[in-house]
> 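Below you'll find the structure I mean.
In what follows, chains are A, B, ... by sequence order, proteins preceding strands, each numbered from 1. Heavy atoms only: backbone and side chains are in, while hydrogens, waters and symmetry mates are out.
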Number of protein chains: 4
Amino acid sequence: MSIKVAVIGMGQMGTHHANNYRKIPQVELYACCEWNDKRRAEVAEEYGCKVFKDYKECLADPEIDAVSIVLPDNMHREAVEYAVKYGKHILLEKPLAKELEDGKALYELTKDYDKVFTVGFLLRYDYRFAAIKEALEKKELGDIIHIYARRNSPIVGPRRYIGASDLSMHVMIHDIDYINWFMGCKPVSVFAKGRSVLLAEHNMKDVIYAIVTYENGAIANLEACWVLPENSPTIIDDRCEIVTTNGVAYVEPCDKGIKFVTPQKILYPDSRHWNYVNGLPQGDLSEEIMGFINCVANGKKPVVNVGEAYLALQVVDAIERSMKEGKEVTL
Amino acid sequence: MSIKVAVIGMGQMGTHHANNYRKIPQVELYACCEWNDKRRAEVAEEYGCKVFKDYKECLADPEIDAVSIVLPDNMHREAVEYAVKYGKHILLEKPLAKELEDGKALYELTKDYDKVFTVGFLLRYDYRFAAIKEALEKKELGDIIHIYARRNSPIVGPRRYIGASDLSMHVMIHDIDYINWFMGCKPVSVFAKGRSVLLAEHNMKDVIYAIVTYENGAIANLEACWVLPENSPTIIDDRCEIVTTNGVAYVEPCDKGIKFVTPQKILYPDSRHWNYVNGLPQGDLSEEIMGFINCVANGKKPVVNVGEAYLALQVVDAIERSMKEGKEVTL
Amino acid sequence: MSIKVAVIGMGQMGTHHANNYRKIPQVELYACCEWNDKRRAEVAEEYGCKVFKDYKECLADPEIDAVSIVLPDNMHREAVEYAVKYGKHILLEKPLAKELEDGKALYELTKDYDKVFTVGFLLRYDYRFAAIKEALEKKELGDIIHIYARRNSPIVGPRRYIGASDLSMHVMIHDIDYINWFMGCKPVSVFAKGRSVLLAEHNMKDVIYAIVTYENGAIANLEACWVLPENSPTIIDDRCEIVTTNGVAYVEPCDKGIKFVTPQKILYPDSRHWNYVNGLPQGDLSEEIMGFINCVANGKKPVVNVGEAYLALQVVDAIERSMKEGKEVTL
Amino acid sequence: MSIKVAVIGMGQMGTHHANNYRKIPQVELYACCEWNDKRRAEVAEEYGCKVFKDYKECLADPEIDAVSIVLPDNMHREAVEYAVKYGKHILLEKPLAKELEDGKALYELTKDYDKVFTVGFLLRYDYRFAAIKEALEKKELGDIIHIYARRNSPIVGPRRYIGASDLSMHVMIHDIDYINWFMGCKPVSVFAKGRSVLLAEHNMKDVIYAIVTYENGAIANLEACWVLPENSPTIIDDRCEIVTTNGVAYVEPCDKGIKFVTPQKILYPDSRHWNYVNGLPQGDLSEEIMGFINCVANGKKPVVNVGEAYLALQVVDAIERSMKEGKEVTL
């Protein structure tokens, strides 16, 4: 019997979710929900599934077993509350919520939920980061001394998110999450420094550096910048270095694999996160969605739990506080 | 309703196949077939499925819908003949056959087969190569001028294959297949040169260079070597450069992504072909198997057809002839 | 007429200096000075030049035109004072001095010196960094938004420097200097965080992160760590990223160029700083010494002046203060 | 006493030579020779040295000790004959000559010459290749099994050389020379295949592949292509892989070190061959010229002798013959 799935929010990311569900044999993409009339009509045409304008109606449909919620951050809380009310299995795109208090509320609401609830930190499914976690657990790497993590990208991104999200919440949170996961203990203090230059008119940060100290004494230094030139051949310059008492590991950017140089463009496509082969999605997001469906099918615990998603949000909050107060803050 | 699958041959590669089937929701790994008693007992324990010693018995089981055949090259012909006799969907690990005449027989047998028959050239599912094929088809790249392809690896590999397979058939055939696919026309002549030094005692080649000329005039230069040192941090040094009348594309090795340096070892794991995350397989092989299952479920044509698999075999044959005769040969 | 040169201090670095002088036609390596009797005897044998035990005697020799001072940091002040007293052209290995007050004294002493006085920040002669400086000056790059700089290396280094130097002064000062040079304005505040783990018993830092803010608002994030594993194939993992209002530039590590993988070792030699070809030195240090000799020969101003060397020392001091006080400090 | 030097031919490469001589203390750039009146006037202005229109007059000037000959290939023979007649030390830009018979004549003329005669194969001074040669000699690497070498570049190059030089002679000869040097034995046979596509109208090759077999049985596979797109960020994509019975070594391209991405251009400058810092040349060519001057000053043997230069020419000739005859040829 098929698992019936709905995708709530058919923007860029929601579309990737839908494409992934469509790829899994015997998962049925039962419905998509999209507020914008034009896009909703396209979706109906393209996917041949039921469409909804109002996500509440969609979530109320008893046929649906599982949902991807891919809405703007400030709508996460309410959408999850409805999905829980109707007993759906839930894959919520990161972050948990836009405001810390909403995150706390969702944490309380879902921590003992008897269906699957997970948050889409797709790097947990990325081989590069998963291999480090495994080496830490197997003690092939030793205790962490320090970590450097970068996640930089062209200015085309933030121009799409004006007013909707900022750099710490949208970008750096990925690294916060996997570093929390690597550390296996709580972050205790944060010093962060940011600058607004090219994005100053939109009241957004160009760059943030955050130094996070953990209970075990280890230091993480995070860099996020989203003002690289538009013609940057690299779409996401993501790097990580993790120095331990027994050796070091390095993550190299997601653009390694394939490079194109033509008179029209120089492009090193992202070959990790959501690349397409023969029209079908591959990569981290596919693995995340396959992981979610396997949890639904087999009743397994998801890789990312709500406590972790809430902790990442707390670090984002501390970064913003530190930048505002101009000093190191505690969590 | 589940698709019931069997894996014929539970060596290293067959085990990857089994792990992949186990990962797909609602595919049932129904049976495994393994000649070696000890390994068969392990498989029974590990996978909790039916086990067979004799693949003919296994293929005769009417419950089975689809099979992966992962046997030594010289057993491919007979195994496929039985699988066809019993009407199974078939995923055959590359190459098509050990001998050209067996390949021809299988081509004749399966070219009009009404079930799925495909051969496991997993690079067809590799984003790096698929992205080039797509760019060629979209005319983002122009006409091919020449291609260089490398596939080098440590000496641990051939030591496992002594007597069973040689370098052109086991390794270079991957590059032959995707280059044929890129070219979209027939190879017409081959000059190849090889050497036996470290593997001379086993009558195997250390290295082969082959220059293949195609109908369209384009030249491909292939390098395969499997005598890199055992401690080589790179497991497969696979590269490709494709120069066209409208720009160039580069494939970088499968080890880009993650590097470990510890006092015990320096290792850059393969992050493309069959890497595991949380015990579950990812990468090209997973996509190949998902592709096979989707063909079975939806009745679609497989990405690799038998004619292509046979053509790759013809090029391997020409390479061997050229090395034997010491001159350029025609196909 | 030859320029007569002496090298004061024939340790590892002094030996590189001597080898470089020996390579320049018509420069005469006139004398070497070395406290250790055994090493002094070797030097006499190897270089066939005059040798001194006491550097004061050496500096008093009127035949000598120019000297390289390559002594422990805490001896820099006195040695420079003598060299100035005897009117020598001086190339002092970095840093200017061990203590800030000694640095200030040397700054006062030499700022109007009528001979050449320069400090050996060899990255000023490194094409990678010089190309960025040039692109900044030509406005090919825009205003600096932020800079990330890394300089990490295996634990073999600090084990040689126990008690003599620490990480900020010995390593990070290189990046401080070229970042000051890039910025073209004063650093105003510093937040630094360090850790002592593997080097805790020696009271040395394993790692330091420093966030330096400049008058122009730009942020620099510096990482230095010298506890990578001994078998690290990379000797210096030095990287720099500089994001500007008109594009970005990246410096890649000094080990790019050549890699060896043998059963005995995996080594990616430093191909930038002081590599040898046919027994003769090349690279940044050679260029630095050639630059010094050209200043001596032609009366040109050196690339690095004492004010810059003193400023780098002030930033090192601020880094140490910030780590001690646990908060951001001002310069 | 200064060494007085003249540069014969002040095109792009001759200008690099002149800049290098000017950089060496106590070498005097005494004269430049340039046929083109406009360029000669510029040179007089820029370098403030004597200028000649006719190189024979220049070579007849008794003040000149040493000359760089940087003329078109077909003028090499006569120019060297004059330089020998007047007893100059000679640095001849590669190749030895355009025609094999001219090369033979120069070999006979200079093999016992009592002044310095050397040919400018600058990769002999390149750390990347020199480090391999040293590792071979020290037996850190074992016996060579095979070598792959690439030297590819954008189409801007050949458009400058129309009619003057072709790919094997201008480009591939660099790799031929260092591979001969690595092998330490004679090349015995060559199979080469080339194509003319984008350069067909100029009767020049776009790409050549050559498989050279040596007396010791080792195989070298050389690739040269100079039709990469004009906007290729990499100026020379030069790679080498050398597999031996004791490990492998890899040369990475000369563009590693610094990358620029701006809205105007994406450029990874060559940081090896003739890069400039503060207006002064560095890199392989500087080392070559310093090496030449040191031979002149100290009477040492040059690194490249005429026998080696002639051997490289013989391999070029064999490559051309193989392409013409469509089969493997012997030397």
> Report which part of A/V303 has an atom under 4.5 Å of a heavy atom belonging to chain B: side chain, backbone, both, or neither.
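For A/V303, the contact with chain B is made by the side chain alone.
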> On the 0 to 90° scale, with breaks at 30° and 60°, tag the B/Y276-B/H16 ring pair as parallel, tilted or perpendicular.
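Geometry flag for B/H16 against B/Y276: tilted rings.
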> About how many Å separate NZ of A/K139 and OG1 of A/T244, when rounded to the nearest 0.5 Å?
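Reported value, rounded in 0.5 Å steps: 10.5 Å.
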> Which one, B/N298, B/N275, B/V251, B/N278, leads in non-hydrogen pairs under 4.5 Å with chain A?
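Option with the top pair count is B/N275.
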> Test A/E46 against A/R22 for salt bridge (charged side-chain N to carboxylate O under 4.0 Å, His left out), laying out the working first.
CA-CA 11 Å; A/E46 161 75 14; A/R22 201 161 52 159; 3.2 Å; yes
> Rounded to the nearest 0.5 Å, how far apart are NE2 of B/H17 and CH2 of B/W274?
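It is 8.5 Å, given to the nearest 0.5 Å.
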> Side chain, backbone, both or neither: which part of A/E287 has a heavy atom under 4.5 Å from chain B?
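Interface part for A/E287: side chain.
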> So which part of A/R239 gets closer than 4.5 Å to some heavy atom of chain B, the side chain, the backbone, both or neither?
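The answer is neither part of A/R239.
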> Where does B/D270 contact chain A at under 4.5 Å (heavy atoms): side chain, backbone, both or neither?
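For B/D270, the backbone is the part near chain A, not the side chain.
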> Heavy atoms only, distances under 4.5 angstrom: which of B/G257, B/P263, B/P253, B/G247 has the most pairs with chain A? Name it, please.
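The candidate making the most pairs under 4.5 Å is B/G257.
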> Find the distance between CG (A/N20) and CD (A/E288) and round it off to the nearest 0.5 Å.
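These two atoms lie 9.0 Å from each other.
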> Side chain, backbone, both or neither: which part of A/K23 has a non-hydrogen atom closer than 4.5 Å to chain B?
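When you check distances to chain B, atoms from both the backbone and side chain of A/K23 fall under 4.5 Å.
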> About how many Å separate CD1 of B/I289 and OG of B/S68, when rounded to the nearest 0.5 Å?
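Interatomic distance, B/S68 OG to B/I289 CD1, rounded to 0.5 Å: 5.0 Å.
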> Please rank B/R128, B/K256, B/K259 by heavy-atom pairs under 4.5 Å with chain A and give me the top one.
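When all of B/R128, B/K256, B/K259 are compared, B/K259 has the most.
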> Only one of B/K88, B/K50, B/K4 passes salt bridge (Lys or Arg N to Asp or Glu O under 4.0 Å) with B/E63; say which it is.
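Going through the options one by one, the only one that passes is B/K4.
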> Counting only heavy atoms closer than 4.5 Å, note whether A/Y268 contacts chain B via side chain, backbone, both or neither.
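Answer is neither: A/Y268 stays 4.5 Å or more from chain B.
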> Select one option (side chain, backbone, both, neither) describing which atoms of A/D255 are under 4.5 Å from chain B's heavy atoms.
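For A/D255, no heavy atom lies under 4.5 Å from chain B.
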> Could you check which of B/Q264, B/R272, B/M290 has the highest count of heavy-atom pairs closer than 4.5 Å to chain A?
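Looking at each of B/Q264, B/R272, B/M290 in turn, B/R272 comes out on top.
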> Heavy atoms, side chains only, cut-off 4.5 Å: are B/K300 and B/C295 in contact?
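In short, these two side chains touch, coming nearer than 4.5 Å.
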> So what's closer than 4.5 Å to chain B heavy atoms on A/I242: side chain, backbone, both or neither?
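The answer is neither part of A/I242.
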> For B/F129, is it the side chain, the backbone, both, or neither that has a heavy atom closer than 4.5 Å to a heavy atom of chain A?
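B/F129 has no heavy atom closer than 4.5 Å to chain A.
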